[in-house]
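Heavy atoms only: backbone and side chains are in, while hydrogens, waters and symmetry mates are out.
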Amino acid sequence: MQQSEQGAAITEVRGKKYWTDSRGSLVPDEVVKPADKLEDETVRKIIGHAADLSAQIERFKAHTMDDLAGLDALLEQDYGLVKKGNRGKGNRTYMTFDGLMRVTVQIADFVTFGPQLQVAKARIDECLNEWSSDAPAELRVVVTRAFNTDREGKVNRAEIYKLLRLDIADERWQQAMRAIKDAVRVIGRKEYVRFAVRERPEDGFVSITIDLAKA
């Protein structure tokens with residue numbers, strides 16, 4: 001197998017060139033349309049640039065985190081403990097002395113819910129059924145939104161947390177809230193780094209966009 005001028009993978013059999021299609025079949029070079037060859041060439045060129053850029057961004061992030069970790073280590077030496085949040089654990093913000101440049105590190109937890117959530121739902125249903133017409137319509141809406149699954153079959157985490165903020169004294173409701181808390185399971189976390197600048201201290205910060213989808 002060799003690379004054609006367009007960069008496509010070409011198989012040569014008895015001196016004749018073949019293209020491999022999406023089904024794995026060999027297609028003679030002469031029957032592949034020029035438009036398909038051009039599309040193949042264009043996509044391969046773009047993907048090549050994208051792969052290089054992705055690798056560059058990964059290296060940049062690694063260098064950034066190393067630089068910030070070094071700064072955190074110096075702060076530990078100065079104070080005997082971490083003063084800018086917990087290194088590697090919490091959110092923290094770093095700024096230039098003039099306040100015009102900012103680097104923010106944010107930690108996002110990936111959360112799922114255990115089987116206790118269904119226990120909580122049953123308890124909440126008991127409360128709503130007994131309260132009947134006395135239950136505020138707004139409460140029913142919050143409960144419905146909380147336990148409605150999205151397209152991926154996941155409950156609405158933000159609405160679930162809203163239930164925890166409601167001040168309802170009923171013991172069954174309190175049991176449901178304890179069940180929700182016990183159901184929360186952190187299955188992973190991701191670290192995000194964001195960059196922002198401004199021209200003057202009185203100006204708002206403008207983000208430096210690295211995410212291609214937001215460019």
Side-chain angles (χ1 to χ4, degrees), residues 54 57-58 61-62 64-65 68-69 72 75-76 79-95 99 102-196 198 202-215:
S54 177
I57 291 175
E58 285 298 319
K61 181 179 179 181
T64 297
M65 300 314 299
L68 295 179
D72 288 341
L75 291 172
E76 289 182 2
Y79 297 99
L81 50 84
V82 179
K83 287 298 183 179
K84 284 183 177 292
N86 295 320
R87 180 160 46 117
K89 294 182 179 180
N91 300 334
R92 60 252 194 222
T93 298
Y94 307 84
M95 296 188 70
R102 181 180 72 190
V103 176
T104 303
V105 179
Q106 294 178 310
I107 309 298
D109 287 334
F110 295 110
V111 175
T112 188
F113 294 95
Q116 297 91 337
L117 190 65
Q118 295 307 312
V119 176
K121 176 63 165 58
R123 274 311 210 182
I124 291 174
D125 286 342
E126 287 180 11
C127 293
L128 293 179
N129 290 335
E130 183 173 312
W131 297 339
S132 186
S133 59
D134 294 333
E138 294 82 359
L139 176 59
R140 292 185 179 276
V141 170
V142 172
V143 171
T144 299
R145 287 177 179 172
F147 291 98
N148 271 352
T149 56
D150 60 19
R151 293 180 181 177
E152 298 179 353
K154 298 177 182 178
V155 295
N156 190 318
R157 187 174 65 177
E159 297 294 336
I160 289 287
Y161 289 154
K162 283 184 181 180
L163 295 177
L164 294 173
R165 294 196 293 269
L166 297 176
D167 185 15
I168 298 176
D170 191 295
E171 178 60 24
R172 292 165 302 178
W173 184 273
Q174 293 300 318
Q175 290 175 345
M177 297 305 102
R178 287 195 294 272
I180 289 176
K181 293 176 182 177
D182 291 340
V184 176
R185 298 176 179 176
V186 178
I187 58 175
R189 55 174 34 193
K190 187 169 184 178
E191 210 167 34
Y192 296 89
V193 186
R194 293 181 170 84
F195 314 92
R198 58 185 176 184
E202 60 268 25
D203 295 337
F205 277 99
V206 178
S207 297
I208 297 176
T209 302
I210 294 180
D211 184 353
L212 188 63
K214 298 179 180 179

Between CD of Glu159 and CG of Leu164, what distance do you get to the nearest 0.5 Å? 12.0 Å

Cut-off 3.5 Å, side chains only: do Arg194 and Tyr192 have a donor facing an acceptor? no

Any side-chain heavy atom of Arg92 within less than 4.5 Å of one from Thr104? no

Mind checking whether Val143 and Leu163 have side chains closer than 4.5 Å, heavy atoms only? yes

Close side-chain approach of Phe113 and Gln118, heavy atoms under 4.5 Å: no

Considering all heavy atoms, the nearest Ala176-Arg123 contact: CB-CB, 3.7 Å

Do Val111 and Arg157 have side chains that approach each other closer than 4.5 Å (heavy atoms only, starting at C-beta)? yes

Could you check whether any side-chain N or O of Arg172 sits under 3.5 Å from a backbone N or O of Cys127, counting only pairs where one atom can act as donor and the other as acceptor? no

Do Glu58 and Lys61 meet the salt-bridge criterion of a basic N to acidic O distance under 4.0 Å? no

Is the shortest heavy-atom distance from the side chain of Ile168 to the side chain of Trp131 under 4.5 Å? yes

Residue pair Asn91, Val105: steps toward the side-chain contact (heavy atoms from CB on, under 4.5 Å) verdict: CA-CA 5 Å; Asn91 300 334; Val105 179; over 6 Å; no

Side-chain contact, heavy-atom cut-off 4.5 Å: Phe110 with Arg185? no

For residues Lys121 and Asp125, determine if any side-chain heavy atom of one lies less than 4.5 Å from a side-chain heavy atom of the other. yes

Could you report the tightest heavy-atom contact between Ala179 and Ala120, atom names first, then the distance? CB-CB, 3.8 Å

Do Asp109 side-chain atoms and Arg189 backbone N/O form a donor-acceptor pair below 3.5 Å? no

Interatomic distance, CG@Asp72 vs CE@Met65, rounded to 0.5 Å, equals 8.5 Å

Within a strict 4.5 Å, meaning less than it, do heavy atoms of the Leu117 and Val184 side chains meet? no

For a side-chain contact (heavy atoms from CB on, under 4.5 Å) check, start with the C-alpha distance between Thr93 and Val103, then their side-chain angles and the critical distance, and finish with the verdict. CA-CA 6 Å; Thr93 298; Val103 176; over 6 Å; no

Within 45° cone of Phe195 ring axis and under 6.0 Å: Arg102 NZ or CZ: no

Do other residues, nucleotides or ligands put more than 12 heavy atoms under 6.0 Å from Lys181 NZ? no

Nearest non-hydrogen partners of Ile107 and Glu191, listed with the distance: CD1-CG, 3.2 Å

Gln116 side chain vs Arg178 backbone, donor-acceptor pair below 3.5 Å: no

Could you tell me which non-hydrogen atom of Ile124 sits nearest to which non-hydrogen atom of Trp173, and how far apart they are? CG2-CZ3, 3.9 Å

Are Tyr161 and Asn156 close enough that a side-chain donor and a side-chain acceptor fall under 3.5 Å? no

